[in-house]
Amino acid sequence: MLIVQSSQPTEILISILSYTLTLANSDFSLFSRPDKNDSTFNELLSNVMLHPGDYIKDIFQKPVGAEVTARGWVKTIRHSKGISFIQLNDGSGFTDLQVVVDHQTASEEALKEISTGACISVTGELVESPAQGQAVELKGNSIEVHGLADAATYKLQKKGATMEFLREIAHLRPRSNTFGAVFRVRNAASYAIHKFFQERGFAWVHTPIITASDAEGAGAMFGVTTLDLMNPPKTQEGGIDWAEDFFGKRSFLTVSGQLEGEIFAEAMSNIYTFGPTFRAENSNTPRHLAEFWMVEPEMAFCDLDDDRRVAEEFLKYIITHVMDTRMDDLEFFNKRIDDTVLSTLETVVNSDFGHITYTEAVDILEKANKSWEFPVKWGVDLQSEHERYITEEVFKKPVVVTDYPKEIKAFYMRMNDDGKTVRAMDVLVPRIGEIIGGSQREERHAVLVEKIKAMGLPLEAYWWYLELRKYGSVPHAGFGLGLERMIMYLTGMKNIRDVIPFPRTPGSAEF
RNA sequence: UCCUCAGUAGCUCAGUUGGUUAGAGCAUCUGACUGUUAAUCAGAGGGUCGUAGGUUCGAGUCCUACCUGAGGAGCCA
């Protein structure tokens, strides 16, 4: 058996269809190559594409005796005298379909061409399985081989791979149990996010990826330029003349869509952003990426108390949806990755979140009979160890901490009447610590102007942000959720690089 | 960016106070087995010990630099 290499898309498709292994008549040399003129591209496409009802997850729902075709990638194949077993998976669910092929209807020689990683279609009858391990299995009558996978060089083995190794084969890792489950959960969580907001009348706003305002001060930004770095235009002072650049000024990849989100909240009332975000920090930890996805709702006519309630409802909704739709994957994580995943998620869904102020939190921490690596003192930001103590040991459930000292929070957070604290909130959950950060925004023009000045930020850069406070200003609030941190929470995965398809970190942008 | 640890077969690892021909399991290949479930059993092949220097009669092992990865810190989502 050979694989035809071709470069034209239509030829590739035809060669995919040409390796039909006809098992029913025991003549394994029958590999017909259909005349290219026999079929149009569209007809070929409709023949190979999976439709609802065709996925392996759907096949499990069909009655015993049904004639079905299963398509997917071989996870393992086992040969015995007279019979072979294939575990087939198309990514639609965690459970593999077991395909059974009798050597009286198919030659062992031909079956041994098929190995882990090969892509095949199998047609046959769905039957009750006589053995332990699965309720039903597919009794294969004919197998179509789309693409073989050389067993001697295929890198994704059946066992023994570390997360670090799988990261190096990111083009193959979605086919593994763990990563198939991770990305199904990621998809389900993403859908739940949209569903939650859409059901509540929030509009999804596509805030820009490229921005010219570097004034937020939320960390280092990636520059975007079309200038020739070897020979950039210079100003008279000798610096780079950004006026000559593509956008006529220095521009960057966004670090947050919040400020633009506020514009739309003050026009469409309730909105959310959901998209990629970039930080050029040289931070190399299991919790940081240079490119990650963030969800940022922004609500008009909303104070911090409402903000807090939305955040609680939001987290519970995502978890509930994933538990309802991807319990097969969650059970795998609970069994193989972290045996506290399910109990933690159930705790979050079934508890009313606690609520304390920063001042109360500091009081609790000072009175705690613990030796902190970082001493606690009013005015100093809470460390991870403090956050986890409060949520895991004091409350034993999620806690929202509000009203932080103004010095340790961003300029746009609304000043409290005490003049010392701002209407900020952090949602802390067991095992992770902070998962959501948010605030009520400063809607009073004069107060915001003073705040920007006090923090030494340039007023001009915020001209439009300040105008929102001059024309039809209203109390409003919002928060941010890092999608990957949520996926880590849902799956128990320990490294953020393993919950995003293609991680970007300092020194690494492969694939 | 700083601190710590690691890098030996395709993968996961062992390798003693420096010692002559570097091992295992899995994977691969060959064979056996009529229902397997990380199949099992028998046999075979497979290594520039991260890279470059250095110390030594002799380096996988000791030293230096660099590269890559992981954990911790800072920053945060």
Side-chain angles (χ1 to χ4, degrees), chain A residues 75-87 95-104 108 112 115-117 127-134 137 139 149-169 172 176-177 216-220 254-258 273-274 276-296 336 373-374 381-385 387 408-410 426-427 429 432-438 479-489 494-500 505-508 510:
Chain A
K75 201 162 271 177
T76 84
I77 180 166
R78 297 178 289 272
H79 305 286
S80 208
K81 182 74 174 177
I83 195 166
S84 294
F85 301 89
I86 302 169
Q87 300 291 133
T95 310
D96 303 322
L97 177 66
Q98 170 156 286
V99 176
V100 186
V101 185
D102 196 300
H103 293 179
Q104 292 195 319
E108 189 175 358
K112 283 194 169 171
S115 57
T116 300
V127 298
E128 272 184 58
S129 178
Q132 299 271 313
Q134 58 282 314
E137 61 192 25
K139 191 169 182 296
D150 178 20
T153 55
Y154 188 63
K155 291 193 179 76
L156 184 64
Q157 293 177 178
K158 291 181 217 174
K159 67 184 239 184
T162 58
M163 295 299 167
E164 293 78 38
F165 174 71
L166 291 169
R167 216 173 287 148
E168 292 171 11
I169 53 166
L172 301 174
S176 68
N177 284 339
E216 206 200 325
T254 184
V255 293
S256 167
Q258 182 201 312
T273 73
F274 186 10
T277 306
F278 307 87
R279 302 278 165 89
E281 300 285 356
N282 189 9
S283 58
N284 213 316
T285 84
R287 300 172 303 282
H288 290 85
L289 290 166
E291 177 184 293
F292 62 100
W293 283 61
M294 190 153 65
V295 186
E296 296 176 292
R336 298 293 290 273
E373 188 181 341
F374 295 90
D381 207 0
L382 301 180
Q383 296 292 318
S384 184
E385 59 171 343
E387 294 177 342
I408 60 175
K409 291 292 180 183
D426 283 353
V427 180
V429 294
I432 285 219
E434 181 184 341
I435 196 164
I436 280 178
F479 60 82
L481 169 79
L483 178 68
E484 286 74 19
R485 296 215 175 145
M486 186 69 206
I487 306 303
M488 291 172 78
Y489 197 61
K494 298 292 181 294
N495 194 311
I496 200 166
R497 295 159 195 148
D498 298 326
V499 296
I500 189 167
T505 53
S508 175
E510 193 63 45

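The chains referred to below are lettered A, B, ... by the order of the sequence lines, with proteins before strands, and numbering in each begins at 1. Just so it is clear, the values below take in all heavy atoms, side chains as well, and ignore hydrogens, waters and symmetry mates.
Using the six-membered ring where Trp is involved, A/His79 and A/His103 have ring planes that are tilted, between 30° and 60° apart.
Proximity of a side-chain donor or acceptor of A/Gln98 to a complementary backbone N or O of A/Gln134 within less than 3.5 Å is not detected.
Of the listed nucleotides (B/G74, B/U34, B/G35), B/G74 has the atom at the smallest distance from the side chain of A/His288. For A/Ala131, the listed nucleotide lying nearest its side chain is B/U36; candidates were B/C11, B/A70, B/U36. Comparing B/C75, B/A27, B/C33 by their nearest atom to the side chain of A/Ser80 picks out B/C33. Each of B/G35, B/U34, B/G72 was ranked by its minimum atom distance to the side chain of A/Arg287; first place goes to B/G72. Across B/G71, B/G74, B/G35, the shortest atom-to-atom separation from the side chain of A/Thr285 is found for B/G74. Side-chain proximity of A/Gln157 to the nucleotides B/G10, B/C75, B/G35 is greatest for B/G10. When the nucleotides B/G69, B/C33, B/U36 are ranked by their closest atom to the side chain of A/Ser129, B/U36 comes out on top.
Residue A/Leu289 is classed as a base contact, given a heavy-atom separation below 4.0 Å to a base. Heavy atoms of A/Gln98 sit under 4.0 angstrom from at least one base atom. Within the 4.0 angstrom heavy-atom criterion, base atoms lie near A/His79. Within the 4.0 angstrom heavy-atom criterion, no nucleotide atom of any strand lies near A/Glu168. The residue A/Ser84 sits apart from the nucleic acid: no heavy atom pair falls under 4.0 Å. A/Glu291 comes within contact range of no nucleotide atom at all, as no heavy-atom separation falls under 4.0 Å. A/Phe292 comes within 4.0 angstrom of a nucleotide base, judged by non-hydrogen atoms across all strands. The residue A/Pro506 sits apart from the nucleic acid: no heavy atom pair falls under 4.0 Å.
Nucleotides B/U68 and B/C26 are separated by 25 Å at their C1' atoms, to the nearest Å. For the C1' atom pair drawn from B/G72 and B/A38, the interatomic distance equals 34 Å after rounding to whole Å. Between the P atoms of B/A6 and B/A65, the separation comes to 16 Å (whole Å).
A/Arg167 has its CZ atom 5 Å from the P atom of B/A70, to the nearest Å. Between A/Asp381 atom CG and B/C75 atom P the separation is 8 Å, expressed in whole Å.
Judged by distance alone with a 3.5 Å cut-off, a donor-acceptor contact links the side chain of A/Glu137 to the base of B/G35. For B/U68, the base has no donor-acceptor partner in the side chain of A/Glu164 [N/O atoms by modelled type, under 3.5 angstrom].
Stems are defined here as 3 or more consecutive Watson-Crick or G-U wobble pairs with pairing distances under 3.5 Å; those involving RNA chain B are B:1-7 with B:67-73, B:10-13 with B:23-26, B:28-32 with B:40-44, B:50-54 with B:62-66.
Within 6.0 Å of atom CZ in A/Arg336, 12 or fewer heavy atoms from other residues, nucleotides or ligands are found, so the atom counts as exposed in its surroundings.
Donor-acceptor pairing under 3.5 Å is recorded for the side chains of A/Ser256 and A/Glu296.
Interatomic distance, A/Asn495 CG to A/His288 NE2, rounded to the nearest 0.5 Å: 12.0 Å.
Of the two residues contacting RNA chain B, namely A/Asn495 and A/Ala151, the nearest-nucleotide position lying further toward the 5' end is that of A/Ala151.
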